[in-house]
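Keep in mind that what you see is a predicted model, and the values were worked out from it rather than measured.
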Amino acid sequence: MGVSGNFWDLLKPYARLQGFDFLRNKRVAIDLSYWIVQHETAVKSNVLNPHLRLTFFRTINLFSRFGAFPIFVVDGTPSPLKSQMRIARFFRGSGVDISSLPVAEEGVSVERNHKFVKCVEECIELIKLFGMPVLRAKGEAEALCAQLNKEGHVDACITADSDAFLFGANCVIKSLRPNTKEPLECYYMSDIEAGLGLKRKHLIAISLLVGNDYDSNGVEGIGLETALRFVKSFSEDEILNKLHEIGRSNKIQFEDDICSLGCSVPGSDEIARKTKGPPHCSLCGHPGSKRMHLKFPCEYCNLGTVEGCSEKLVSFKCNCSSCDMDRQQKQQKKNENWEIKVCEKISRERNFPNENIIGIYLPRNQETVEDAGHSLSWDTPNVEMLVDFLNYYQNWDPSYIRQRIFPMLSTIFLREMALNPTDSLLHEQYLFDSIHRVKIKFGHQLYVVKWKKATPAASIAAYTILSKEACERGQSIECIDIVDEPDIPEVQFSSTDGCSFMLTDEDMELVRAAFPEKVDLFLKEKELKEMKSRRKQTGIRSNETPAHASATSSKSVQLSIKEFYRTSKLQKQEKLAEGSSKILGSNSDFSSKSKGGGALNKNLTKSARRRLLFD
């Protein structure tokens, strides 16, 4: 939850959308409870143990696709205030008087329901089988995440609790969207300070006014906008002290507290004693009398003419020094009245501000992560135990599990090869064969790496290759959520030698660091292919004949639509023209014959000759 009153909406304009490489080779602290709570909205239908499925796929995504080093943090024993809030939320709306409920004692945990606790413990067991570090906080998980970030042990925190900034976090990742071009929504404390002018103690003061995880009510009648405007009137060093003074003062002292802000504008007492300014003309609105302004224009309306002042507009405001001072005094009085009303609301709250809440956000003697004995180390995943664990809880086929976890194993292998090159195999079974191609996914370039099985393909069919029956079974059990589903390795078979290959998407820089000679070979082969294709194209062009060239050039010219679709009218006209030409040809033969034989006499009339020719 964090700070009440739609606090994330206030910070939304200052969010940064980061790409896939933002967390590459960086450490990130994860609030595990945040992930477990999310499973209700992330899964769209009934799924067996969705909290385990979500943790399994997101861990693989974060490690292999983003290249991060995850550190998981779980809640410890909550403070009495947090326990009291859980009790209040449980009985909210039931009609029970919350004030009559028992008060939680120090060190006594008011746990969530047993089902949630069981989900947390199962996820912890799964994460430890991955070889990831799991830290248990003394209180809130987001508090330890923020401490890790503040002390430089991690580069960012993944949580949706906005009070991580109140605990001292510098960078918070609110949401992960793996299948987008910019998958990470990040918030930096430096951006919040530059954009809103708020620092850590300002945010704590806002949470005290509007509500937080330890007091959801806050101050009655004060919302987020009012609290933001009020705390910005004070510096970071004095805001909490001012809240103490106002909370323990009375109404008579309010005006003295407001005047002590150091404003340059005169106070309310000085405003009351100040005399009125000079009279203003009712025609133009400037200082002076209307009689004088009708004859001669005033200095404000002097436009270089001898005529009088022009009539003022409806929305006219005089900008003389007297009017400016008067407006400033009125605005100052309005601000003072507003701040006095806010102080009155604060003073009506009992025991405000709560020192215990401030002590949670600003502990006086906070031990460091090293002193707490937290270990930040990553081990190799226990694949066989993972297969047994997920087969038992999720009812997944072993081949299905091995295929999904393969990208994580390949990332670990490439990192080890980049640090210490050896002749070892990936998971003691796969050999780096070659780079298949370059893949672009969501604007991010990757190498598709081929891993060759070192043992015969017949002996590994049940180990790495997901059978058709297992795939159908997995699809029937699982609701595949594209947000959390990692890249599934592709399986290929070679018909010539019977070898099998696994294809995974890997980071280009990591592959180059691990196998530079393979990358150089791939780039040379790619360049040779491009050169051959260019030579082939130039050779075809050089071997073209002039007729073929003219034909190809004519093909590039766009023809008229009448060339493609000739109308029936034109076709009829062509047929009539052909028929008339034949008739004219026969007439010419007939006429030549008539000249030689005298068949047609020129003394005949035109109508007679026409009948003889055409009838």
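Side chain of H244 to main chain of L240: a donor-acceptor pair is present (N/O by atom type, distance under 3.5 Å, no hydrogens or angles). Side chain of N212 to main chain of S207: a donor-acceptor pair is present (N/O by atom type, distance under 3.5 Å, no hydrogens or angles). The main-chain N or O of A160 is found under 3.5 Å from a side-chain atom of W8 such that the two form a donor-acceptor pair.
No side-chain donor from either of Q332 and Q328 sits under 3.5 Å from a side-chain acceptor of the other. A donor and an acceptor atom, one from each side chain of D397 and S399, are located under 3.5 Å apart.
For Q331, the side-chain hydrogen bond (donor to acceptor under 3.5 Å, both in side chains) criterion is met by N335, not counting sequence neighbours. Applying the side-chain hydrogen bond (donor to acceptor under 3.5 Å, both in side chains) rule to K12 yields the partners E185; only residues at least two apart in sequence or on another chain are considered. The side-chain hydrogen bond (donor to acceptor under 3.5 Å, both in side chains) search around D507 returns none, not counting sequence neighbours. A search for side-chain hydrogen bond (donor to acceptor under 3.5 Å, both in side chains) contacts involving K441 returns D487, not counting sequence neighbours.
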- Check against side chain to side chain contact (heavy atoms under 4.5 Å, CB included), F389 and F56: CA-CA 11 Å; F389 179 86; F56 175 75; over 6 Å; no
- Message: Pair Y400, L390 - check side chain to side chain contact (heavy atoms under 4.5 Å, CB included), show working.
- Response: CA-CA 10 Å; Y400 176 89; L390 294 171; over 6 Å; no
- Task: Test C186 against V172 for side chain to side chain contact (heavy atoms under 4.5 Å, CB included), laying out the working first.
- Result: CA-CA 6 Å; C186 305; V172 175; over 6 Å; no
- Message: What verdict does the side chain to side chain contact (heavy atoms under 4.5 Å, CB included) test give for L23 and I173, after you've listed the backbone C-alpha separation in whole Å, the side-chain angles of each residue and the deciding distance to 0.1 Å?
- Response: CA-CA 11 Å; L23 292 178; I173 299 175; 4.0 Å; yes
- Yes or no on salt bridge (Lys or Arg N to Asp or Glu O under 4.0 Å) for K242 and E245, after CA distance, side-chain angles and deciding distance? CA-CA 5 Å; K242 285 295 179 181; E245 294 177 6; 3.7 Å; yes
- Could you walk me through whether R177 and S175 pass the side chain to side chain donor-acceptor pair (under 3.5 Å) check? CA-CA 7 Å; R177 298 181 296 272; S175 61; 3.1 Å; yes
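Two rings, from Y14 and Y187, have their centers 6.0 Å or more apart. A centroid separation of 6.0 Å or more is found between the aromatic rings of F63 and F130.
E506 and R65 are not joined by a salt bridge, as no carboxylate oxygen comes within less than 4.0 angstrom of a charged side-chain nitrogen. With respect to the salt-bridge test (charged N to carboxylate O, under 4.0 angstrom), the residues E344 and K341 do not qualify.
Atom NZ of K26 sits in a crowded spot, with more than 12 heavy atoms from other residues, nucleotides or ligands closer than 6.0 Å. The environment of CD in E509 is sparse: at most 12 heavy-atom neighbours from other residues, nucleotides or ligands sit within 6.0 Å. More than 12 heavy atoms of other residues, nucleotides or ligands lie within 6.0 Å of CD in E355, so this atom counts as buried by the packing criterion.
Using bins of under 30°, 30° to 60° and over 60° for the plane-to-plane angle, the ring pair H444/F20 lands in the parallel bin.
With values rounded to the nearest 0.5 angstrom, F7 atom CZ is found 12.5 Å from D161 atom CG. Here I158 contributes atom CD1 and L62 contributes atom CG; the two are 5.0 Å apart, rounded to the nearest 0.5 Å. The CH2 atom of W378 sits 4.0 Å away from the CD1 atom of I71 when rounded to the nearest 0.5 Å. Note that CG of L203 and CZ of F165 are 8.0 Å apart. Values are rounded to the nearest 0.5 Å. One distance of note links CD of E142 with OG of S162; it measures 9.0 Å at 0.5 Å rounding. In this structure, OH in Y214 is found 9.0 Å from CD1 in I357, a value given to the nearest 0.5 Å.
Listed by first and then second residue, the salt bridge (charged side-chain N to carboxylate O under 4.0 Å, His left out) pairs that reach into residues 223-236 come to none, sequence neighbours excluded. Counting only residues at least two apart or on different chains, the salt bridge (charged side-chain N to carboxylate O under 4.0 Å, His left out) pairs with a member in residues 190-211 are R16-D191.
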